[in-house]
Amino acid sequence: MVGALDISTPNVERRIRALVAIALDGRDFEAGVRAVARSGAQFGRREPQWTPLPVEFWIHVSPRDDLRRAVLDPHAHQLDALAELVSELGRRHGKTWHPAA
């Protein structure tokens, strides 16, 4: 099962790079965010079998602490990269963030 991580990590990195390129090509903040959403929807239509695969993988991994920790690292990396992308879009387009009270 750990071998699946070897396949997953390059795919995550490739997807992050693609999303960054798509988002930063937008004319404004909203266009960048919409481009990322559109890309995700297109990916889902193009690769419909992909979404159930990680869900099933998580189901099998979740009871095993060692595998769960190994899978969480790339997942957290992907979430951090997306958060940084939204922050970069905001900086480029003059957005300011106000933390929730």
Side-chain angles (χ1 to χ4, degrees):
M1 179 102 35
V2 174
L5 295 176
D6 297 335
I7 296 167
S8 172
T9 302
N11 287 329
V12 166
E13 292 301 321
R14 188 170 32 261
R15 185 78 181 130
I16 289 170
R17 285 191 305 273
L19 291 176
V20 167
I22 290 166
L24 298 182
D25 194 38
R27 69 183 183 289
D28 57 27
F29 180 83
E30 289 79 9
V33 172
R34 286 178 189 273
V36 169
R38 195 169 29 258
S39 173
Q42 290 168 347
F43 179 77
R45 285 190 298 274
R46 196 174 54 249
E47 304 281 345
Q49 73 282 7
W50 179 251
T51 300
L53 183 64
V55 171
E56 184 177 344
F57 184 73
W58 273 100
I59 289 167
H60 291 289
V61 165
S62 62
R64 294 191 44 193
D65 288 340
D66 58 332
L67 290 177
R68 188 174 57 250
R69 279 191 301 272
V71 171
L72 283 175
D73 287 341
H75 181 69
H77 171 66
Q78 183 175 15
L79 294 177
D80 290 344
L82 291 174
E84 179 55 35
L85 175 56
V86 171
S87 293
E88 177 60 23
L89 276 172
R91 282 191 293 276
R92 287 181 179 219
H93 299 292
K95 301 290 182 187
T96 56
W97 310 113
H98 302 284

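These values consider heavy atoms only, across backbone and side chains, with no hydrogens, waters or symmetry-generated copies. Count residues from 1 along the sequence.
The number of heavy-atom neighbours closer than 6.0 Å to CZ of Arg91, taken from other residues, nucleotides and ligands shown, is above 12.
Within the 4.5 Å cutoff, the side chain of Leu89 has no heavy atoms near those of the Val36 side chain. Contact of the Ile16 side chain with the His77 side chain is registered, since non-hydrogen atoms from C-beta on lie closer than 4.5 Å. Taking the side chain as every heavy atom from C-beta outward, Leu24 and Arg92 approach each other to under 4.5 Å.
With Ser39 contributing its side chain and Ala35 its backbone, the two residues share no donor-acceptor pair below 3.5 Å.
From Asp28, atom CG reaches atom NZ of Lys95 across 7.5 Å, with rounding to the nearest 0.5 Å. Here the straight-line distance linking atom CZ of Arg15 with atom CD1 of Ile22 works out to 6.0 Å at 0.5 Å rounding.
Here the closest heavy-atom approach between residue Arg27 and residue His93 is recorded as O-CE1, 3.5 Å. Listed here is the closest heavy atom pair of Gly26 and Ala31: CA-CB, 4.2 Å.
Sorted by first then second residue, the salt bridge (charged side-chain N to carboxylate O under 4.0 Å, His left out) pairs that include residues 36-56, not counting sequence neighbours, number zero.
Transitive grouping of hydrophobic side chains (ILVMFWY, heavy atoms separated by less than 4.5 Å) keeps Val20 and Leu79 in distinct clusters.
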